[in-house]
Amino acid sequence: MPFSPELIVYGLIFVGVFVLVEGAYLTIFGKSISLNSRVNRRLEMLEKGGKREEVLDQLRKEMKQHSENRGIPLYSLLAEKAQKAAIAFTPQQLMMIMVLVSGFAFAGLSVGTETGMITRIAISVMMGVGGVYGWVAMKAGKRIALIEEQLPDAIELMVRSLRVGHPFTSAIQIVSREVEDPLATEFGIISDEAAYGRDVGDALKDMAERLDMQDLRFLSVAVTIQQQSGGNLAEILAGLSKVIRARFRLFRRVKAITAEAKWSGNFLSAFPVLALIAINVMDPNYYDDVKDHWLYIPGCIAVGVFLGVNLIVMKILTNIKV
């Protein structure tokens, strides 16, 4: 079967989707919002002249807007990851971006390929929705991984601050200034909320639930128990830091051991779909001889069901709980 240059066009368009969304994101909200940036976004907003309460309100709105709009049709699939990634785009803006990116993909397919109209529309929608979802999921995964890696160092910094006599709220404020984003901005929000009268334990619990991180839940529980029953918070947090580091090492080991199984599962799940797309692109008339057969439509439905079951089973088999 001869190679079709249209495959290159498909690949370039899909890569262009990520570049387009990322470029728009950094252009609108500034370089400091990038996870590759070493700049503390909250401090940068304050240095630009923003008032403390205004900066707090904006950051809280960005971090909670996605969980508050889970009722929007189809957006519920994206809301959880957008919340973890703290995407500054509003839900309406994200949905509009999906539409615009789908239009961009359709234009690229119309110019660079000779695929049928229905196929172009279907692939354009898949690229627009799937591309934005993949971009948000990538942001969420990277942000959560960074927070997990930063958390033990941040707790140890709080321990040192407590041992030299600083109150816990001051220790949190020191973390918000000294560590890097994304954890610095998260703790900066807690520091500002505490300054305006919110209970620190409740603020930590809210952050743990929003990010869905077990280690942060441990931290919020430790702080809440100490507030209610007393005790040496520095020693409690020092022990917690050791536990989190041990858990982190264990997760890394499990991730390394199960990497092959997860990639095999992803490959086996994606291969049938990719093969179908490749066949239709390289030879659009490949299925013409069987399209009129009475079993063609039921067969397609059966294949779709089996692919869905395959995705679920492979996800279960490769999702190792520790």
Side-chain angles (χ1 to χ4, degrees), residues 35-43 63 81 83-86 137-191 194 200-263 318-322:
L35 293 176
N36 297 322
S37 175
R38 299 300 181 186
V39 180
N40 186 323
R41 183 166 182 248
R42 170 178 164 272
L43 294 182
M63 292 179 176
K81 293 189 179 298
Q83 178 177 307
K84 291 181 179 179
M138 179 184 67
K139 287 278 188 184
K142 185 176 181 180
R143 187 170 187 269
I144 295 299
L146 284 173
I147 292 176
E148 289 176 343
E149 189 171 348
Q150 291 176 312
L151 187 58
D153 292 333
I155 294 177
E156 289 181 355
L157 180 57
M158 286 190 286
V159 170
R160 292 194 294 270
S161 300
L162 291 171
R163 283 176 175 169
V164 298
H166 291 291
F168 185 62
T169 52
S170 297
I172 290 179
Q173 189 174 10
I174 291 172
V175 170
S176 70
R177 292 198 308 264
E178 298 299 329
V179 302
E180 298 173 350
D181 266 352
L183 192 60
T185 296
E186 290 283 355
F187 272 82
I189 292 174
I190 293 176
S191 175
V200 177
D202 291 339
L204 286 170
K205 182 180 178 181
D206 181 66
M207 180 176 70
E209 295 301 327
R210 175 163 45 81
L211 298 177
D212 192 22
M213 285 182 57
Q214 192 64 35
D215 293 338
L216 283 174
R217 291 191 181 98
F218 292 156
L219 176 61
S220 66
V221 169
V223 172
T224 302
I225 292 175
Q226 192 276 336
Q227 287 177 335
Q228 295 175 352
S229 59
N232 191 334
L233 183 58
E235 294 300 325
I236 295 173
L237 294 183
L240 177 60
S241 176
K242 293 178 181 179
V243 171
I244 293 175
R245 286 191 185 279
R247 280 168 48 84
F248 190 72
R249 287 194 298 269
L250 177 61
F251 289 150
R252 284 290 179 90
R253 180 177 295 181
V254 171
K255 184 177 180 181
I257 294 173
T258 60
E260 181 181 358
K262 288 185 177 181
W263 278 104
T318 59
N319 187 20
I320 309 297
K321 297 292 185 181
V322 180

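Position 1 is the first residue of the sequence; numbering continues from there. All of these numbers come straight from a predicted model, not from anything done at the bench.
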Taking [X] for the side chain and [Y] for the main chain, is one N or O donor matched with an acceptor at less than 3.5 Å?
X	Y	value
Glu148	Phe248	no
Ser161	Leu157	yes
Ser176	Gln173	yes

Approximate separation, where rounding is to 0.5 Å, of [X] [atom1] and [Y] [atom2]:
X	Y	atom1	atom2	result
Ile244	Ile155	CD1	CD1	3.5 Å
Gln226	Ile236	CD	CD1	6.0 Å
Met213	Phe218	CE	CZ	11.0 Å
Asp153	Leu183	CG	CG	9.5 Å
Glu186	Leu211	CD	CG	5.0 Å
Arg210	Ile189	CZ	CD1	6.0 Å

Heavy atoms only: give me the nearest [X]-[Y] pair and the separation to one decimal.
X	Y	result
Ser241	Pro152	OG-O, 3.5 Å
Ser170	His166	CB-CB, 4.1 Å
Glu209	Gln83	O-NE2, 4.5 Å
Gly201	Thr224	CA-OG1, 3.9 Å
Lys81	Ala137	CD-CB, 3.6 Å
Val200	Ala194	CG2-CB, 3.8 Å

Just so I know, are the side chains of [X] and [Y] near enough to count as touching, which here means a heavy-atom distance under 4.5 Å?
X	Y	value
Met158	Phe187	yes
Met207	Ser220	no
Glu156	Lys242	no

Check against side-chain contact (heavy atoms from CB on, under 4.5 Å), Asp206 and Asp202: CA-CA 6 Å; Asp206 181 66; Asp202 291 339; over 6 Å; no
Could you go step by step and tell me if Leu219 and Asp215 meet the side-chain contact (heavy atoms from CB on, under 4.5 Å) rule? CA-CA 6 Å; Leu219 176 61; Asp215 293 338; over 6 Å; no
Does CZ belonging to Arg253 count more than 12 external heavy atoms closer than 6.0 Å? no
